[in-house]
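What follows is a set of notes on a single structure, which appears directly below.
Here is how names work: the chains are called A, B, and so on, in the same order as the sequence lines, proteins then strands, and each is numbered from 1.
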There are 2 protein chains.
Amino acid sequence: MNSSDPAIDDVVFTPACSIFRRFLKGQGLKFTPERAKILEAVLSREGVFEADELYDEMRQALIRVSKATIYRTLKHLLESKIIREVLIDSKQAHYQLSYGREPMAYLVCLETNKIIACATPQIKEIRDRICEEHGFNPVSHQLVVYGISPEAQAEAANEANEANESSD
Amino acid sequence: MNSSDPAIDDVVFTPACSIFRRFLKGQGLKFTPERAKILEAVLSREGVFEADELYDEMRQALIRVSKATIYRTLKHLLESKIIREVLIDSKQAHYQLSYGREPMAYLVCLETNKIIACATPQIKEIRDRICEEHGFNPVSHQLVVYGISPEAQAEAANEANEANESSD
DNA sequence: CTTGCTGCAAAAGTTTTGCACACGT
DNA sequence: ACGTGTGCAAAACTTTTGCAGCAAG
């Protein structure tokens, strides 16, 4: 193997990266420079992201990969459980890093569309009780809450104030 | 108004239907035969449905409406809160009748894709606690659980048995 | 020399939109 | 005439796929 490939050798070997490489090898697939870069972009992401966001972000960083490759790589990252799918919106897939994370609740702001993800160990018990009642064997779950984020609440309060002042 | 319009007069005036008519009137919109028929199809649905399913179902019943009209009407039904959106799958919108219903959990079978919807009053408390911790003002929520339905479990058990017998 | 990977462009699938025509007042 | 509604076809948008050329063992 030519270990002077700059793109591969620059990769920081995070745990997730090792898992991905092992997964790919197990499937007879290759850990290519493109896949390394996409994983890196995914790892740099806090919170929920879309395929298109990833693409734009990489473009801005002058890292060129085709969308096709991004989609193909996201599939492999899903299979290897490094990311998981998050249902936030019915017209676009959303993903989040899952490696080493707890089940999540997602607080989606109806004003800003920003998403707060937070761990929710408490829900599992309720989930299991519900599933038991229906003879259903649970594998995973997700709670999505829609509402108004603190920022949007502050924004709304601000606007109300301004309206008041100008009408005084 | 011509009260001999067969399509309109055949409508059963369920509470949901009254709500929809009131909503439309309030918006300066009309309760047309197409909208009546679409609402009827929606009301006849137990559980979760997709726009396309609705379209096929109506076609089979020889009720002709265009997909465009279905999509447009679903929007109005959402606004009037007669139906709500359910996030089950990131590539297609799913809806469910919400009029008079409790917050739901959705048990999605990974084998059959069938969806069991069940009321879950218990989750609201947890939801509110989580939101409070984040200064988030909740409006609605949804729990989706992925797993194996009783039917699929039985199916799997059957197949295992058959495999055993044939190897005996 | 076979297998897998990439990028491109085309295709597929769902949802939206523009337009011309129809309906009711 | 005016508002709004409908169907059709085209457009928009995300995701998938086919293909040709490339890289690696």
Whole-Å gap separating [atom2] ([N]) and [atom1] ([X]):
X: A:Ile38; N: C:dT6; atom1: CD1; atom2: P; answer: 7 Å
X: B:Arg64; N: D:dG7; atom1: CZ; atom2: P; answer: 11 Å
X: B:Glu53; N: C:dT14; atom1: CD; atom2: C1'; answer: 14 Å
X: B:Lys75; N: C:dT16; atom1: NZ; atom2: P; answer: 4 Å
X: B:His76; N: C:dT15; atom1: NE2; atom2: P; answer: 17 Å
X: B:Lys37; N: D:dG5; atom1: NZ; atom2: C1'; answer: 13 Å
X: B:Phe49; N: C:dT15; atom1: CZ; atom2: P; answer: 12 Å
X: B:Phe31; N: C:dG24; atom1: CZ; atom2: P; answer: 15 Å

*Where the side chain of A:Gln153 meets the backbone of A:Ile148, is there a donor-acceptor pair that is under 3.5 Å apart?*
yes
*Contact nearer the 5' end of DNA chain C, comparing B:Lys30 with B:Ala93*: B:Ala93
*For DNA chain C, whose closest nucleotide is more 5', that of B:Tyr71 or that of A:Leu24?*
A:Leu24
Between [options], spot the one nearest the side chain of [X], thanks.
X: A:Gln92; options: D:dT6, C:dC5, D:dT15; value: D:dT15
X: B:Arg35; options: D:dA24, C:dT14, D:dT6; value: D:dT6
X: B:Ala68; options: D:dG5, C:dT6, D:dC8; value: D:dC8
X: B:Thr69; options: C:dG4, D:dG5, D:dG7; value: D:dG7
X: A:Lys91; options: C:dT16, D:dT15, C:dA9; value: C:dT16

_Short side-chain N/O contact to C:dT6 OP1/OP2 from A:Thr32, under 4.0 Å_ =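 So the side chain of A:Thr32 is within the cut-off, an N or O lying under 4.0 Å from OP1 or OP2 of C:dT6.
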_Does a side-chain N or O of B:Lys67 approach OP1 or OP2 of D:dC8 to a distance below 4.0 Å, or not?_
no
*Identify whether any heavy atom of B:Arg72 sits under 4.0 Å from a base atom; if not, whether one sits that close to sugar-phosphate; answer base, sugar-phosphate or nothing.*
base
*asked:* Students often mix this up, so state it plainly: with edges at 30° and 60°, are the rings of B:His76 and B:Phe23 parallel, tilted or perpendicular?
replied: tilted
*Starting at the 5' end of DNA chain D and moving along, which residue's nearest nucleotide shows up first, B:Ser90 or B:Gln27?*
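Residue closer to the 5' terminus by nearest nucleotide: B:Gln27.
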*Which residues, ordered by chain and number, are linked to B:Ile126 in its hydrophobic cluster, where ILVMFWY side chains connect at heavy-atom gaps below 4.5 Å, directly or through other members?*
A:Leu107, A:Ile116, A:Ile123, A:Ile126, A:Ile130, A:Phe136, A:Leu143, A:Val145, B:Leu107, B:Ile116, B:Ile123, B:Ile130, B:Phe136, B:Leu143, B:Val145
*Who pairs with C:dC23 - Watson-Crick or G-U, where each distance is under 3.5 Å*: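 Across all strands, not a single nucleotide pairs with C:dC23.
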*Keeping to residues at least two apart or across chains, list the salt bridge (Lys or Arg N to Asp or Glu O under 4.0 Å) pairs with something in residues 111-138 of chain B.*
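Every candidate salt bridge (Lys or Arg N to Asp or Glu O under 4.0 Å) pair involving residues 111-138 of chain B fails, so no pair, neighbours aside, qualifies.
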*Looking at A:His94, A:Gln92, A:Glu50, A:Glu85, which one forms a side-chain hydrogen bond (donor to acceptor under 3.5 Å, both in side chains) with B:Ser90?*
A:Glu85
